[in-house]
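Reviewing the structure listed below.
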Amino acid sequence: MGNAIEVSEKATKQYIVVKIGNEQYGLDISYVDNIVRMQSITRVPKAQTYFKGIINLRGEIVPVMSIRLKMELEDDKFTDASRIIILKIEEQGIIGIIVDEVKEVVELAAENIDHSTKTAKNDKNSFISGVGKNGDELISLFDISAVVDESENI
Amino acid sequence: MDVSQYLEIFIDETSEHLQNLSDCIMTLEKEPDNKDTINEVFRAAHSLKGMAGTMGFKRMQHLTHDMEDMFQEVRSDKIKVTSKMIDILFECLDALDKYLENVKETSEEGTEDNEAIIKELNDFIASAEGKEATNSEPVKEETPKAETVAREKKFLETELTKAEKESILVAEQNNNRVYGFTVYIHPDCLLKAARAFLVFKAVEDYGEIIIYRPSSQDIEDEKFELDFTFFVSSAEALEKIVSAAKSVSEIDAVIAEEVKYDLYNSKEETAVGFAEASTEVAEIAEPSTQISEAAKKTQPAAKKAAANKPVTSRTVRVDIEKLDALMNQVSELIIAKNSLVSISTTEGGNFQNQAFHEQIEYLERITTNLHESVMKVRMVPIESVVNKFPRMVRDLSRKLNKNMELYMSGEDTELDRTVVDQIGDPLQHLLRNSADHGLESAEIRKLRGKPEKGAIYLNAFQEGNNVIIEVSDDGNGIDTEKVKSKAIERGVITPEQAEVMSQKEIINLLFIPSFSMAKKITDVSGRGVGLDVVRSNIEALGGDVEVTSKLGEGSKFTVRLPLTLAIIQALMVEIRQEKYAIALGSIHNIEDIPVKDIRYVEAKEVIHLRGMVIPLIRMDKVLDIEPLAEEPESLTVVIVKKGDNYAGLVVDNLMGQQEIVIKSLGKFIKNNKIISGATILGDGEVALILDVNALI
């Protein structure tokens, strides 16, 4: 997601707001294919540690990633509120990421998104493209391409 | 004219003709006096020219035209086949290939005129003919087939339906004239339907075509011999229409005259001839009695012509995507069937009905057969890939200045279409490798007492669920010492490591990325992107590659490929709670081994079974599964094999055989090759597929 595009469009963008730990995160809705309940995940031996395994999504095999482990947070605790968000990314295909809870869909205007908090040095923040302000609440917006990028994490 | 609908046919047929030409020219090089081949080459070139012309590819047409001239000269013994000529011809083929590539990509032939090649061709013809200057185009001999085909005014004999007769009447009442046309297409014409289409188009500028014989649909489908008949209602004079129709190329004759409703209404009356367009038909229409006589005469001839026509093989070309879709649907069906089976066995009392089980078994049989049939449809002989290799080896022989010959066998071995499409590059690379690095120079070969001509072999055959393709040569073999020193030099291994490496391990170093053995960089091989790419390509297809080599005697690359990619028979096994599938094709047998029978060799567990020492692989360890608290007294061991190597996989439980649909894990998970994919079980659960080849 190029920042320049967001600014020049001046349009609003929709984000799905999810909870991971105490923080709220936003996912660009254009990448979201589906949101499914937690289901049994088949472990894949020797895969990257943050990959929980694969699931059967209506006959398709979909890899499921723990965004918590990828961000070096503590491991997921699956509850009734846990969901798998299925993202469709053009070149690489489909991937699921586990979140603690799905809250709502918000619309954010470009002027309500602050990109300045992004600091390249901090690893955890490198998955964030900016912070959106929705009333009083702050939403960290995921940079989806960074989240699913595998190149530096082999 | 819109020829786009013929583009695919054109591309397919052109590549066939090009392949044919290439084969023939290869033969010609060996047997310069083989008249049959010369004729064959001439025909192929002629067909190509015709097709390119039809499609409006002028440059292609030009080039093939000049090639045809050359063959014409050869055919009439004016020029002898020389190696220089063969070289020029191959250049032409390459140029044509490029045109074809352009056509494939852009539907245009591109703008390359290939003047140089055409000039070379013409210079060659000119120089070979010596002083006989060939300013004028060599007179082209039409193939003398024409005389056998009687040119008839077939439209006079056409049986018309009532409605068609009425349409003639209506036309006449509207003060239009009705002309009957019979058009003869040149016997060598390809794309006859396209010609007919052009004729119709030309004619329709002047009037309306009211009747087609055969029907317009049949003409479009090319269901006619060399002629077709139609009736035009027009206010224009006949000559204009005839000359328009004749302007279409590859039309031998256009025979036409005005017809009247009465002629068809009552057979007694004679047709009134109006004008002659064709040179063949000089006289005015004859009385119908005579015509019917003529018809009697021509009928046997027509039958004979039909009998002589080669039986076209009853095949259809199908888009590979459609086959993929079909295969996917079969996969879905099998998954659905598997869930039915699993319901019937798990839900207990509800499904104890005998008839229900019979039906499920029936369904299983059908799906298995269906799967097999779809599989077979997707199978193509590897011929389509390997038949370009003789030409390639010939070129390599020139380029490297080494005398060599390629011997192939098993070209009819069949593989899944997707595999065949992708196996070309790796094989090509292996052949180049053999030609460049494998075979020694002529002097060394002589010194070693080998025949001067190096031999490269390509053998393909089926072995169980795999297809094996071997590329071997009788050259130098792999010098493991050199490989070793190179690897140390490049920092791939340390000298200490090198000491303890086995021959096989050293040879495997060749497959490490950017490890090229070429002493000098040539454009044949030696760019450092070599065997590693070969291996990764083959592994991407679910296969593997092995090398055996003997210094001084040659080396052999064995490529092993799975017959199919999508659906396999597998043994389902359980390791603790997890389920895994092992391809049935790689399973040798299953044994119960008491723990006390386990022996140790080099601190590794092995079993001694009927004279074979088989290493044990503890699957729970390999797959990072918690070990059992207490070891059972006997182990369930699945003995798997890869070529001549065996291994025993220790599992907890066998769950039985099942047909499974292989699904990819996707690009995100970087797994370690032990897992070749996943499959969905009857109950919706996901099981992983173990790749035996990676385990051994």
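Throughout, protein chains are lettered first and strands after them, A, B, ... in sequence-line order, and every chain is numbered starting at 1.
Here A:Asp100 pairs with A:Arg68 under the salt bridge (charged side-chain N to carboxylate O under 4.0 Å, His left out) rule; sequence neighbours left out. Every residue meeting the salt bridge (charged side-chain N to carboxylate O under 4.0 Å, His left out) condition with B:Glu631, not counting sequence neighbours, appears here in chain and number order: B:Arg618.
Both the backbone and the side chain of B:Leu623 come within less than 4.5 Å of a heavy atom in chain A. For a residue to count as touching a neighbouring chain, one of its non-hydrogen atoms must lie under 4.5 Å from one of that chain's; by this rule A:Gln39 does not touch chain B.
A salt bridge links B:Lys337 to B:Glu364: at least one charged side-chain nitrogen sits closer than 4.0 Å to a carboxylate oxygen.
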- Step by step, work out the side-chain contact (heavy atoms from CB on, under 4.5 Å) result for A:Asp33 and A:Leu87. CA-CA 5 Å; A:Asp33 185 59; A:Leu87 303 174; over 6 Å; no
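Highest contact tally toward chain B, considering only A:Ile41, A:Thr42, A:Ile89, is held by A:Thr42 [criterion: heavy-atom pairs under 4.5 Å].
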